[in-house]
Amino acid sequence: MEQTLAIIKPDALASGKAGKILAHLEESGFSLRCIKMTRLTPAEAREFYAVHRSRPFFEPLVAFMTSGPCLPMLLEAEGAVLRLREVIGSTDPAEAAEGTIRKLFAESKERNAIHASDSGENALREIAFFFSHQEILSLSP
Ligand code: CMP
């Protein structure tokens, strides 16, 4: 089994889509191992998205991700990292395949409902960003 990190972003949480997105994830075969509601500080958002710091969308991304609470979660499935990228769809919902989470629930490329780790290495880093070993162990089945 592989683990990956997803975040239901502030737009989806504020517009009442979190439950439908969670149901979609479970119906797509992911097991929910850890979840929390949190609101990122600007420093946390800058650290989490550090790889994008030289991109023009970086400061708007930080502003959006700190605009309200979000739901980071640790998901588990066979081939979870790639599978989750397929299930969420392209960054821009206008380009996302039918039936993907971003096609169904995202407003725009900037307010795109959900984040998913883009590699196994980043999944490990992003899981550790939100969840301690102790939390993960204590919540393991
Ligand atoms: P996410 O998967 O969370 O990773 C980086 C985020 O930057 C991405 O989703 C988008 O929401 C956001 N973003 C905003 N503008 C762009 C852009 N032009 N290209 C890529 N990502 C963008």
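Both counts, for ligands and for their atoms, begin at 1 and track the order of listing. None of these values were measured; they are calculated from a predicted model.
- Interface of Thr91 with ligand 1, defined as ligand atoms under 4.0 Å from a residue heavy atom, comprises 8 (C), 10 (C), 21 (N).
- Residue-level proximity to ligand 1 for Arg102 is carried by the side chain, the only part with a heavy atom below 4.0 angstrom.
- Regarding atom 9 (O) of ligand 1, its nearest protein heavy-atom neighbour is Lys9 NZ, 3.1 Å.
- Around atom NZ of Lys20, no more than 12 heavy atoms belonging to other residues, nucleotides or ligands sit under 6.0 Å away.
- Heavy atoms of other residues, nucleotides or ligands lying less than 6.0 angstrom from CZ of Arg125 number more than 12.
- Of the protein's heavy atoms, Phe57 CE2, 3.6 Å lies nearest to atom 19 (N) of ligand 1.
- Heavy atoms of Arg111 found under 4.0 angstrom from ligand 1: none, in either backbone or side chain.
- Contact between Tyr49 and ligand 1 is present, with at least one heavy atom of the residue lying under 4.0 Å from the ligand.
- Every atom of ligand 1 with a heavy atom of Leu61 under 4.0 Å away is listed here by number and element: 6 (C), 7 (O), 12 (C).
- Each of the atoms 11 (O), 15 (N) of ligand 1 lies under 4.0 Å from some heavy atom of Glu110.
- Heavy atoms only, all atoms of each residue included: Ser90 and Glu95 are closest at OG-O, 3.5 Å.
- Scanning the protein for heavy atoms near atom 10 (C) of ligand 1, the closest one is Lys109 O, 3.3 Å.
- Residues passing the side chain to side chain donor-acceptor pair (under 3.5 Å) test with Asp118, sequence neighbours excluded: Asn122.
- In terms of the side chain to side chain contact (heavy atoms under 4.5 Å, CB included) criterion, residue partners of Glu110 (sequence neighbours excluded) are, by chain and number, Ser108.
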